[in-house]
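Since the structure is predicted, the reported quantities are computational estimates derived from the model, not experimental observations. Every heavy atom of this structure was used, including side-chain atoms; hydrogens, water molecules and symmetry mates were not.
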Number of protein chains: 2
Amino acid sequence: MRLRVLIVEDEEALIEPLKYNFTKEGYIVDTALDGEIALDKIFNKPPELILLDWMLPKISGIDLCKRIRNNKETKNIPIIMLTARGEENDRIQGLEMGADDYVTKPFSINELLARAKAVIKRARPIFAEEKITFCDISLNIATHKVFRGDKEIKLGPTEFNLLRFFLENIERVFSREQLLNHVWKNDALVEPRTVDVHVRRLRKVLNTNNKKDYIRTVRSAGYSFGHN
Amino acid sequence: MRLRVLIVEDEEALIEPLKYNFTKEGYIVDTALDGEIALDKIFNKPPELILLDWMLPKISGIDLCKRIRNNKETKNIPIIMLTARGEENDRIQGLEMGADDYVTKPFSINELLARAKAVIKRARPIFAEEKITFCDISLNIATHKVFRGDKEIKLGPTEFNLLRFFLENIERVFSREQLLNHVWKNDALVEPRTVDVHVRRLRKVLNTNNKKDYIRTVRSAGYSFGHN
DNA sequence: CACTTATGTTACAGATTTGTTACAGAAGTA
DNA sequence: TACTTCTGTAACAAATCTGTAACATAAGTG
């Protein structure tokens, strides 16, 4: 299947080379010069990938991102932000809003293509909700606090990220490799079995007072989080 | 102080992103679906900013604006009008009636946020003496005095700003970079670890007589201020 | 059952992150 | 100016987290 990519960019000089290279790489390329056009096209016929310039006329990148993420049909479409150099805040904001990755202008086409491939591969739902809950577990992203019932649970950084990822993807089974990609970010060189250890740690701390275990082991497939 | 903003808008699709973004920006957001509710809320507990849709059920924007301006308690509250494209007359009328600024739908959230910041800043001096308290800590912005219980605490300028920022954003975790942006203002070139030192100083002076520590370290994420 | 494979569990060394301190230079004051 | 106070940084100490290996246990297979 040829994947469709929508390039949302108002700088015409950038559009052409992008279009050329993505087409050459086998994508079906469409473009939108501003956020309004983009929204229209996205909701009309959702592409498999969106390249999104953060500085846009009419509808800002953040707004567009938000709207894409809030629509059931489009919320899983991977988004790569294109930001100007040094716009650190935009990047953080963008990632918080649910962009999957970013590249900084000027960027190498090859790098962008590589990231596009990576991001499509691990397309997943992202919700930048402040608070995620599941049964008696709640995880607050803003405060980084986690509760089971009314008992606060202290988690290390990796456990926090792991739990967050699970909560964002209830019931779905992930292989160790997938978890490494999503939770550890795709740059780390880590043994798949390491996931087991962190799952164990998470289970241990989540199941104090021998409460029900939310993490399910799916033999020879991976782990999932949900009712059991 | 976290500023309260009242969004007076009947278009539900607009309320959500507005609410989300203003909340994220640190405002306390309240909404009113029509002019009657709005009036009620405004006179009951005047917000620091009003976003006012010009086309409203029950009481029109113009009417609402007039009433707000005619009341001693509320006449200085900045108002930003939200108008539909091309409603030129409304805009002029609105500005005559005392709105401070306007944006035209559809608008960029970032632009609106920028304008909100600007009008509040203009209006700010009117809301002079300010005092933020949290548990046994009180910080007076006007006098720059800080107390823990009834013991005055001497703070340097940076510690004061840092504490103020924390008090304005209870429980929320901020990365070192975020703190540098907000407390040091985004112009300074300062090592992230510098934040640690100031946090340490703040802790030290805040926790005399080995009192409870309000500043929480969130490993690999940053710091937050609140109950622990 | 014996055998193979996958997962659970544990301990620990090394890595990473944060706490703490001292200090030189900047900035403010009298 | 002389003096005080404040700031940012570096350097080291302490705390905490991480990944791995090694072994234990459980689950499939024929």
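When distances run from any side-chain atom of A:Trp184 to the nucleotides D:dG19, C:dG8, C:dG19, the shortest one goes to D:dG19. Counting only heavy atoms from C-beta on, B:Val190 has its side chain closest to D:dT9 among D:dT7, D:dT9, C:dG19. Listed nucleotides D:dT20, D:dT18, C:dG19 differ in distance to B:Arg193; the shortest reach to its side chain belongs to C:dG19. Closest to the side chain of A:Asp196, out of D:dT7, C:dT18, C:dT7, is C:dT7.
As a whole-Å value, the separation of B:Leu189 CG from D:dT7 P is 17 Å. What separates CD of A:Glu191 from C1' of C:dT7 is a distance of 15 Å, to the nearest Å. Rounded to an integer number of Å, the gap from A:His198 NE2 to C:dG8 C1' is 15 Å. Between the CG atom of B:Asp213 and the P atom of C:dT18 there is a distance of 15 Å, rounded to whole Å. In this entry the distance linking CZ of A:Arg203 with P of C:dT9 reads 7 Å, nearest Å.
Other residues, nucleotides and ligands place no more than 12 heavy atoms under 6.0 Å from the OH atom of A:Tyr20. The neighbour count for B:Lys19 NZ, taken as heavy atoms of other residues, nucleotides or ligands under 6.0 Å away, does not exceed 12.
Here A:Thr217 does not reach the OP1 or OP2 of C:dT7: none of its side-chain N or O atoms lies under 4.0 Å away. Proximity of A:Tyr223 to the phosphate of C:dA6: no side-chain N or O atom is located under 4.0 Å from OP1 or OP2.
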Q | Where protein sits on nucleotides 12-17 of chain C, one letter per nucleotide: B base, S sugar-phosphate only, - none, heavy atoms under 4.0 Å | A | ----BB
Q) Going 5' to 3' along nucleotides 25-30 of chain C, which nucleotides have protein heavy atoms under 4.0 Å from the base (write B), which only from the sugar-phosphate (write S), and which from neither (write -)? A) ------
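Classification of the A:Phe174-A:His182 ring pair by plane angle, with boundaries at 30° and 60°, yields perpendicular.
Nucleic acid contact for A:Val197: base, since at least one base atom lies under 4.0 Å from a heavy atom of the residue. Across all strands, B:Phe160 comes closer than 4.0 Å to no nucleic acid atom at all (heavy-atom distances).
Sequence order on DNA chain C of the closest nucleotides to A:Lys204 and A:Gly222 puts A:Gly222 first from the 5' end.
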